[in-house]
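Scroll down for the structure; my scribbles are underneath it.
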Amino acid sequence: MSDEWDVKICCIGAGYVGGPTMAVIAKKCPKVRVCVVDISQKQIDAWNSDKLPIYEPGLPEIVSDCVNKNLFFSTDVDGEIDKADIIFISVNTPTKTKGIGAGRAANIKNCELCARQIAKVANSSKIVVEKSTVPVRTAQAITRVLKSNDKGLDFQVLSNPEFLAEGTAISDLMAPDRVLIGGHQSPEGLAAAEKLVSVYANWVPRERILTTNLWSSELSKLVANAFLAQRVSSINSISALCEATGADVSEISRAVGMDDRIGKRFLQSSVGFGGSCFQKDILNLVYLCETFGLEECAAYWNQVVIMNDYQKKRFSQKMVAQMFNTVTGKKIALLGYAFKKDTGDVRETPSMFVLRDLLEEGARMHVYDPQVSREDMWIEMNYTCGVNHDNTPGLDESVITETDVYAACDGAHALAVLTEWDEFKTLDYERIFKSMAKPAFVFDGRNILDYAKLRDIGFEVHAIGKPDPNKFSDL
Ligand SMILES: NC(=O)C1=CN([C@@H]2O[C@H](COP(=O)(O)OP(=O)(O)OC[C@H]3O[C@@H](n4cnc5c(N)ncnc54)[C@H](O)[C@@H]3O)[C@@H](O)[C@H]2O)C=CC1
Ligand SMILES: O=C(O)[C@H]1O[C@H](OP(=O)(O)OP(=O)(O)OC[C@H]2O[C@@H](n3ccc(=O)[nH]c3=O)[C@H](O)[C@@H]2O)[C@H](O)[C@@H](O)[C@@H]1O
């Protein structure tokens with residue numbers, strides 16, 4: 001049976017990266033057998049059901065096309081490791097919460113555990129691919145763990161970081177800007193890299209498949225995320241200056257971005273960036289710089305995170321200030337809880353920080369998001385903010401999660417748009433205005449609404465980096 005396959009792939013980690021990445025490999029390479037394994041039975045059961053564990057446009061169609069043909073999801077980690085020619089490690093690498101480097105260094109314990117498991121259960125030589133985002137030189141540790149097997153097996157370690165963005169994962173994977181593969185520059189290392197190249201070459205043009213040394217590949221991933229996040233923090237710093245001067249941040253993004261050297265993408269000012277990776281990866285970079293005694297470099301990149309924290313805080317403080325310096329007892333509707341549209345992921349979502357701040361001010365919060373469950377909201381709030389609704393009296397009742405956006409806004413003093421879901425652009429704002437307490441405030445943390453129309457209806461509107469007509473009469 002196994003002879004019918006050109007290559008057998010095992011991916012350890014069935015999360016936001018492992019699932020979609022392997023689904024697309026399976027779809028594009030019918031002669032490759034792909035099995036995604038995980039220690040979480042719940043996660044694997046969900047992949048094998050009609051309700052996938054993650055929301056990602058286009059993903060269900062691909063999974064249902066391939067599952068149980070050349071795509072499999074299993075908890076048989078050992079058995080699938082042993083069967084595979086190529087093993088991807090796609091496990092989570094969160095920021096350390098304790099010990100040396102706590103709050104900055106990435107924890108690669110899951111990657112090391114995978115390497116130990118591979119060394120223990122493999123009975124033939126394998127190519128082991130780091131798909132997880134890791135500190136530069138992690139492949140050295142992985143190689144040492146693998147090579148310490150006493151079975152005389154050869155393991156070639158490659159770095160193949162993933163650049164997909166959530167919400168657009170499928171189109172990113174189908175047509176990537178580039179695929180990056182780093183390997184040892186030995187004949188065996190180059191041959192292993194070529195084997196992985198030949199998998200991607202089933203659908204990615206050769207000129208977009210970049211091969212480098214291992215350390216360049218590992219570090220490029222951190223640098224790519226740091227550069228992207230830096231652009232968001234840069235434009236967000238300018239949004240504060242816009243609000244003080246009457247300039248409009250969208251006009252600035254357009255004017256600046258039309259310079260080809262700068263480029264127009266990632267200049268959308270917002271309540272701040274979220275997601276599981278930007279902050280984690282920059283802090284990882286900061287920690288690496290510090291480790292090598294490069295204090296100035298560390299401080300430079302750390303400022304991107306400081307600016308992001310400032311932007312989130314600035315938003316909630318502005319809400320309170322505009323609402324007569326108190327929100328105590330007031331109902332406030334938060335529209336959107338995911339860290340961006342088209343995902344249900346809430347890790348490090350800016351919405352959570354605004355929710356936390358307004359709860360501290362005594363507001364009654366009503367949260368609406370089309371893809372986020374109440375359970376996920378509390379899990380992330382507990383993990384990241386240390387706020388636990390189970391042991392904080394009154395907290396559970398202070399946050400209502402709504403399934404109807406109009407109910408969320410009914411009787412509210414303010415609504416705040418915190419995720420740029422398309423449906424928020426076309427709500428019946430006349431109806432919402434009528435149902436709200438007056439004056440009715442709108443705070444747009446994503447700059448997606450039609451302010452002229454909202455002001456005509458009667459709303460008081462505040463947005464990021466947008467001039468306030470009550471403050472500037474010369475607009
Ligand atoms: N989420 C994203 O959009 C992107 C994430 N990345 C990187 O990819 C890596 C994975 O991220 P996500 O997929 O978001 O994480 P995730 O948390 O969604 O999934 C990781 C999975 O690995 C499993 N796992 C952990 N240790 C394991 C072990 N020893 N054996 C078997 N399974 C194990 C967990 O149960 C979990 O299901 C991280 O390093 C992240 O930085 C890179 C690009 C994009
Ligand atoms: O390593 C990762 O995890 C991934 O991180 C990001 O992808 P992702 O976090 O899924 O989403 P982005 O589209 O980058 O958005 C990140 C955050 O920045 C915010 N953002 C983005 C762009 C922008 O102009 N303004 C802005 O505020 C988004 O709303 C979101 O909160 C990168 O874009 C991916 O290339 C990378 O693979």
Side-chain angles (χ1 to χ4, degrees), residues 10-22 36-44 46-47 53-54 56 73-78 80-81 88-95 106-118 130-135 138 160-169 172-173 176-178 221-222 224-229 231-236 239 249 253 257 264-282 284 308 311-312 336 338-343 345-351 418-420 445-447 464:
C10 167
C11 173
I12 311 180
Y16 283 89
V17 169
T21 312
M22 293 302 128
V36 192
V37 297
D38 205 290
I39 38 173
S40 160
Q41 185 71 51
K42 191 174 158 217
Q43 189 81 350
I44 292 300
W47 281 108
I54 62 173
E56 192 62 56
F73 296 94
S74 168
T75 48
D76 180 14
V77 180
D78 293 358
E80 291 296 336
I81 286 175
F88 285 82
I89 299 180
S90 187
V91 295
N92 40 327
T93 49
T95 304
N107 194 339
I108 59 155
K109 105 178 152 51
N110 291 337
C111 292
E112 186 184 326
L113 282 172
C114 290
R116 289 189 183 278
Q117 197 71 4
I118 295 167
E130 284 175 356
K131 184 54 110 180
S132 298
T133 303
V134 291
T138 297
N160 171 221
E162 184 48 59
F163 296 100
L164 69 79
E166 289 178 29
T168 55
D172 293 344
L173 288 163
D177 286 349
R178 79 311 209 175
K221 172 62 199 179
L222 298 182
N225 272 359
F227 274 47
L228 289 169
R231 282 172 72 90
V232 179
S233 275
S234 295
I235 199 67
N236 280 345
S239 73
V249 77
S253 292
K264 59 181 195 281
R265 299 182 67 189
F266 266 75
L267 290 180
Q268 174 72 41
S269 190
S270 67
V271 56
F273 60 75
S276 61
C277 294
F278 274 3
Q279 174 165 310
K280 158 176 85 69
D281 294 347
I282 294 178
N284 185 347
N308 197 47
Q311 186 76 346
K312 291 180 281 188
F339 81 98
K340 63 185 283 198
K341 74 169 179 177
D342 291 337
T343 179
D345 196 349
V346 297
R347 291 177 289 183
E348 293 286 344
T349 179
S351 207
L418 294 175
T419 311
E420 72 282 21
R446 295 292 183 164
N447 291 355
I464 306 273

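Remember, it's 1-based here, ligands and their atoms both numbered in the order they're listed.
Comparing Glu348, Lys340, Lys341 by heavy-atom distance to atom 11 (O) of ligand 2, the nearest is Lys340. Distances from atom 21 (C) of ligand 2 to the heavy atoms of Phe163, Phe273, Phe266 show the closest one on Phe266. In the candidate list Ile81, Thr75, Thr93, Thr93 is nearest to atom 39 (O) of ligand 1, counting heavy atoms. Of the candidates Val17, Leu164, Asp342, Leu164 brings a heavy atom nearest to atom 37 (O) of ligand 2. The option from Cys114, Cys277, Pro53 that lies nearest to atom 29 (N) of ligand 1, judged by heavy atoms, is Cys114.
Distance from atom 10 (O) of ligand 2 to its nearest protein heavy atom, with residue and atom name: Glu166 N, 2.8 Å. Here the protein heavy atom with the shortest distance to atom 19 (O) of ligand 1 is Gly15 CA, 3.3 Å. Nearest to atom 9 (O) of ligand 2 among the protein's heavy atoms is Phe339 CE1, 3.5 Å. In terms of protein heavy atoms, atom 3 (O) of ligand 2 is closest to Cys277 SG, 2.7 Å. Here the heavy atom of the protein found nearest to atom 4 (C) of ligand 1 is Val17 CG2, 3.2 Å. Among protein heavy atoms, the minimum distance from atom 27 (C) of ligand 1 is reached at Val91 CG1, 3.6 Å. Remark: minimum distance from atom 24 (O) of ligand 2 to any protein heavy atom is reached at Gln268 N, 2.9 Å. Ranking the protein heavy atoms by distance from atom 43 (C) of ligand 1 puts Glu162 O, 3.3 Å first. In this structure, atom 25 (C) of ligand 1 lies nearest to the protein heavy atom Asn92 OD1, 3.3 Å. For atom 18 (O) of ligand 1, the closest heavy atom belonging to the protein is Tyr16 N, 3.1 Å. Residue, atom and distance of the protein heavy atom nearest to atom 6 (C) of ligand 2 are Phe278 CE1, 3.3 Å. Nearest protein neighbour of atom 22 (O) of ligand 1, counting heavy atoms only, is Gly13 CA, 3.4 Å.
Each of the following atoms of ligand 1 lies closer than 4.0 Å to a heavy atom of Arg347: 1 (N), 14 (O), 15 (O), 16 (P), 17 (O), 18 (O). The atoms of ligand 2 that sit less than 4.0 Å from any heavy atom of Glu162 are 37 (O). Here is the list of ligand 1 atoms found below 4.0 Å of a heavy atom in Lys221: 43 (C). Atom numbering of ligand 1 starts at 1 in the shown order; those under 4.0 Å from a heavy atom of Leu164 are 3 (O), 44 (C). Taking every heavy atom of Ser270 and a limit of under 4.0 angstrom, the matching atoms of ligand 2 come to 26 (C), 27 (O).
Contact check for Asn447 versus Ser270: no side-chain heavy atoms found under the 4.5 Å cut-off. Counting only heavy atoms from C-beta outward, the side chains of Leu228 and Phe273 never approach each other to under 4.5 Å. The shortest side-chain heavy-atom distance between Ile54 and Asp345 does not fall under the 4.5 Å cut-off. In this structure, the side chains of Ile235 and Arg231 stay at 4.5 Å or more apart for every pair of heavy atoms. Looking only at side-chain heavy atoms (C-beta outward), Asn92 and Ser132 stay at 4.5 Å or farther from each other.
Between the Ser90 side chain and the Val17 main chain, no donor and acceptor come within less than 3.5 Å of each other. Judged by distance alone, with hydrogens and angles left aside, the side-chain atoms of Trp47 form a donor-acceptor pair with the main-chain N or O of Ala14 at under 3.5 Å.
Of the N or O atoms in Ser276, none lie within a sub-3.5 Å distance of an N or O in ligand 2. For ligand 1, the polar-atom distance check against Lys280 finds a nitrogen or oxygen pair separated by under 3.5 Å. Considering backbone and side-chain N/O atoms, Glu166 comes within less than 3.5 Å of an N/O atom of ligand 1. Here's the thing with Val232: none of its N/O atoms is less than 3.5 angstrom from an N/O atom of ligand 2. In terms of polar-atom proximity, defined here as any N/O pair under 3.5 Å, Asp38 does make such a contact with ligand 1. Residue Gly274 has at least one nitrogen or oxygen atom sitting less than 3.5 Å from a nitrogen or oxygen atom of ligand 2, judged on distance alone. Geometrically, ligand 1 and Leu113 share no nitrogen or oxygen pair separated by less than 3.5 Å. Below 3.5 Å of separation, one finds no N or O of Lys131 facing any N or O of ligand 1. On a distance-only criterion, Thr133 and ligand 1 share at least one N/O pair closer than 3.5 Å. Not one N or O of Ser90 is nearer than 3.5 Å to an N or O of ligand 1, by distance alone.
Using a 4.0 angstrom heavy-atom cutoff, Val77 does not count as in contact with ligand 1.
For Gln117, no heavy-atom contact with ligand 1 is shorter than 4.0 Å. Residue contacts with ligand 1, taken as heavy atom pairs separated by less than 4.0 Å, involve Ser132 via backbone and side-chain atoms alike. The part of Leu228 lying near ligand 2 is the side chain, judged by heavy-atom distances below 4.0 Å. Residue contacts with ligand 2, taken as heavy atom pairs separated by less than 4.0 Å, involve Arg446 solely via side-chain atoms from C-beta onward. With a heavy-atom cut-off of 4.0 Å, Ile12 touches ligand 1 through its side chain alone. Contact annotation for Lys221 and ligand 2: only side-chain heavy atoms (C-beta onward) come within less than 4.0 Å of the ligand.
For the atom pair CG of Leu173 and CD of Glu56, the computed distance is 8.5 Å after rounding to the nearest 0.5 Å.
A side chain to side chain contact (heavy atoms under 4.5 Å, CB included) with Ile12 is found for exactly one of Asn110, Ile39, Ile118, Leu113, namely Ile118.
Ion pairing between Lys131 and Glu162 holds under the 4.0 Å rule for side-chain N and carboxylate O. A salt bridge links Arg347 with Glu166; the closest basic N to acidic carboxylate O contact falls under 4.0 Å.
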task = Determine, stepwise, if the pair Gln117 / Asp78 fulfils side-chain contact (heavy atoms from CB on, under 4.5 Å).
result = CA-CA 8 Å; Gln117 197 71 4; Asp78 293 358; 2.7 Å; yes

